[in-house]
K.L.:
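Quick one: structure below, then a few questions.
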Number of protein chains: 2
Amino acid sequence: MVTLLSEMTTLSEEEKHAIEDSFPIKTYEKGTYLMKQGEVARNAYYVIAGCLREFELIDGEEKTTAFYTEEQSAINFNSLVNQCPSKRNFICEELTTVAILNGEKEQQLYKKFPRFESFCRSGTEQMMGAGQEQLAEFITLKPEQRYLKILQERPDLINRVPQYHLASYLGIKPESLSRIRKRIALND
Amino acid sequence: MVTLLSEMTTLSEEEKHAIEDSFPIKTYEKGTYLMKQGEVARNAYYVIAGCLREFELIDGEEKTTAFYTEEQSAINFNSLVNQCPSKRNFICEELTTVAILNGEKEQQLYKKFPRFESFCRSGTEQMMGAGQEQLAEFITLKPEQRYLKILQERPDLINRVPQYHLASYLGIKPESLSRIRKRIALND
DNA sequence: TTACTTTCTTGACTTTAGTCAATGAAATCC
DNA sequence: GGATTTCATTGACTAAAGTCAAGAAAGTAA
């Protein structure tokens with residue numbers, strides 16, 4: 001939680017401690033589910049170390065919709081905010097350490113520390129910004145371009161998650177990603 | 001702004017009026033740009049009547065990334081929050097009436113009316129939820145399924161915007177959407 | 001109504017992705 | 001270290017999307 005708190009420049013030390021105490025830190029084995037589709041989310045997760053993968057199981061096939069690594073927040077907003085069943089799963093791709101942010105506690109902290117609510121509003125706006133850019137990229141780019149973009153922006157992922165999960169995250173099949181990589185290797 | 005305010009159940013009448021006064025309502029001709037790529041966003045727009053289209057111009061081609069209709073907010077969070085150039089445009093697809101929410105005024109209102117910040121945090125969380133679901137759908141669905149989904153969830157759009165804009169919003173070419181529609185018409 | 005422009009559809013062909021099956025490479029497990 | 005499982009690549013084929021060009025249909029304006 002070091003990085004998260006260091007960003008809370010608007011908060012006093014007292015506030016930081018009170019908030020920090022509300023969010024336990026836990027470490028989970030690879031393969032552990034932090035959220036299963038059909039369940040209603042009660043927590044948000046902030047990844048301190050490791051990697052979470054978000055996916056949807058459709059017709060026996062895992063469709064990866066996100067990877068969350070160090071300093072990123074894994075949150076299913078729709079499920080958490082509206083208390084409706086999640087369509088997607090969170091699974092640990094590695095041994096992963098997360099800060100667990102309980103939704104109800106968060107509401108209480110908003111009342112206690114208004115500046116914490118400011119902090120979270122701002123954080124959500126940042127996430128919203130990143131989310132919009134990501135959706136726009138997905139709409140405007142072809143799979144090959146999307147792969148090149150990930151290669152640039154999240155090179156860590158390539159050596160961290162199996163290619164077939166990366167493929168489904170790009171919206172294509174593993175065989176196609178393999179061929180895209182071959183095309184790229186030839187054309188330079 | 002009727003609908004927006006009616007949802008502000010947590011705000012007093014006094015607060016509502018003060019807030020409402022800060023956000024002028026204007027009507028624009030079809031074809032008017034409310035935001036051009038390269039500019040830095042200063043406003044958010046809440047659509048009262050009409051339709052805004054968000055698009056990116058790439059190699060002379062307009063790639064549509066969103067449609068905003070009645071009761072939806074058109075906001076480029078990345079540009080507005082981080083004050084960086086927008087990659088995308090907002091254009092009126094019809095004669096369109098919007099409430100203009102100035103970013104700086106919003107910050108001032110947060111200080112004056114803490115409940116307004118609560119209201120906005122909650123609203124952004126809702127948008128984030130919808131945005132995540134949309135991205136997940138785009139990753140997991142094929143163009144044909146995406147089209148069927150829009151047909152269900154936003155049937156108004158079909159008679160409101162030209163098909164070639166809808167096509168680019170689905171990430172495909174107009175010819176392909178035309179053929180998808182033909183396939184669907186045959187198979188039932 | 002006619003003329004003009006814009007949008008949509010269709011046809012022929014190319015490119016890319018999906019499918020299924022086989023093989024190779026790499027990681028994991030006694 | 002060898003056996004087994006998991007993952008990545010390749011080949012042959014099918015299906016879907018892209019491209020380019022030609023018309024048809026719909027919308028707009030004089």
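Please read these numbers as outputs of a predicted model, since none were measured by experiment. Numbered from 1 within each chain, the chains take letters A, B, ... in sequence-line order.
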K.L.:
Which hydrophobic side chains are connected to A/L95, either touching it within the sub-4.5 Å cutoff or through other members that do?
P.N.:
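So far as hydrophobic clustering goes, A/L95 is joined with none.
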K.L.:
Would you give the length of the straight line joining atom CD of B/E93 to atom OG1 of B/T32, rounded to the nearest 0.5 angstrom?
P.N.:
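Output value for this atom pair is 11.5 Å.
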K.L.:
For B/Y45, check ring pair (Phe, Tyr, Trp, His ring centres under 6.0 Å) against everything at least two apart and list the hits.
P.N.:
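Listed in chain order: nothing, the list is empty.
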K.L.:
Cut-off 3.5 Å, side chains only: do A/Y169 and A/R53 have a donor facing an acceptor?
P.N.:
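No, no side-chain donor-acceptor contact under 3.5 Å.
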K.L.:
Using five pairs at each end of the helix from C/dT1-D/dA30 to C/dC30-D/dG1 to define an axis, what is the angle between those two axes, to 10°?
P.N.:
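Inter-axis angle at the termini of the helix from C/dT1-D/dA30 to C/dC30-D/dG1: 50°.
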K.L.:
I'd like to check the side chain to side chain donor-acceptor pair (under 3.5 Å) partners of B/E61; sequence neighbours left out, ordered by chain and number.
P.N.:
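B/E61: side chain to side chain donor-acceptor pair (under 3.5 Å) contacts with B/K173.
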K.L.:
Using the test side chain to side chain donor-acceptor pair (under 3.5 Å), find all partners of A/S168 that sit at least two apart in sequence or belong to another chain.
P.N.:
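Listed in chain order: A/T64.
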K.L.:
Listed by chain and number, what are the side chain to side chain donor-acceptor pair (under 3.5 Å) partners of B/S178, not counting sequence neighbours?
P.N.:
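Testing B/S178 for side chain to side chain donor-acceptor pair (under 3.5 Å), a comparison that skips the adjacent residues, returns none.
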K.L.:
With a 4.0 angstrom cut-off to heavy atoms of chain A, pull out the first and last contacting nucleotide of DNA chain D, in 5'-to-3' order.
P.N.:
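Endpoints of the contacted stretch of DNA chain D: D/dC7 to D/dA12.
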K.L.:
Does a donor on one side chain and an acceptor on the other come within less than 3.5 Å for A/E117 and B/S118?
P.N.:
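There is such a pair (donor and acceptor under 3.5 Å, judged by atom type) between the side chains of A/E117 and B/S118.
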K.L.:
All N/O contacts under 3.5 Å from nucleotides 18-22 of chain C to the protein, with atom names and distances to one decimal?
P.N.:
| from | atom 1 | to | atom 2 | distance (Å) |
| --- | --- | --- | --- | --- |
| C/dG18 | OP2 | A/K173 | N | 3.0 |
| C/dG18 | OP2 | A/S176 | OG | 2.7 |
| C/dT19 | O4 | A/R179 | NH1 | 3.3 |
| C/dC20 | N4 | A/E175 | OE2 | 3.4 |

K.L.:
Report the distance from atom OG of A/S122 to atom OH of B/Y110, rounding to the nearest 0.5 Å.
P.N.:
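Here the interatomic distance stands at 9.5 Å.
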K.L.:
Tell me which residues in residues 158-166 of chain B put a heavy atom below 4.0 Å from DNA chain C, sorted by number, or none.
P.N.:
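The answer is B/P162, B/Q163, B/Y164.
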K.L.:
List in chain and number order the residues that pass ring pair (Phe, Tyr, Trp, His ring centres under 6.0 Å) with B/Y164, two or more places apart in sequence or in another chain; answer none if no residue qualifies.
P.N.:
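Checked B/Y164 against ring pair (Phe, Tyr, Trp, His ring centres under 6.0 Å); zero matches.
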K.L.:
Under 3.5 Å, which donor-acceptor pairs do the side chains of residues 78-86 of chain B form with other protein atoms, sequence neighbours left out?
P.N.:
| from | atom 1 | to | atom 2 | distance (Å) |
| --- | --- | --- | --- | --- |
| B/N78 | OD1 | B/N82 | ND2 | 2.9 |
| B/S79 | OG | B/A41 | N | 2.9 |
| B/S79 | OG | B/C84 | O | 2.7 |
| B/N82 | OD1 | A/Q126 | NE2 | 2.7 |
| B/Q83 | NE2 | B/A41 | O | 3.0 |
| B/Q83 | NE2 | B/L80 | O | 3.0 |
| B/S86 | OG | B/N76 | ND2 | 3.0 |
| B/S86 | OG | B/R88 | N | 2.9 |
| B/S86 | OG | B/R88 | O | 2.7 |

K.L.:
In whole Å, I'd like the distance from the CD atom of A/E144 to the C1' atom of C/dA17.
P.N.:
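My rounded result for the distance is 12 Å.
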K.L.:
Can you list everything that forms a side chain to side chain donor-acceptor pair (under 3.5 Å) with A/R154? Sequence neighbours excluded, please.
P.N.:
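Checked A/R154 against side chain to side chain donor-acceptor pair (under 3.5 Å); matches are A/T69, A/Q72.
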K.L.:
Rounded to whole Å, please give me the gap between CD in A/E94 and P in C/dA27.
P.N.:
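After rounding, the gap between these two atoms is 15 Å.
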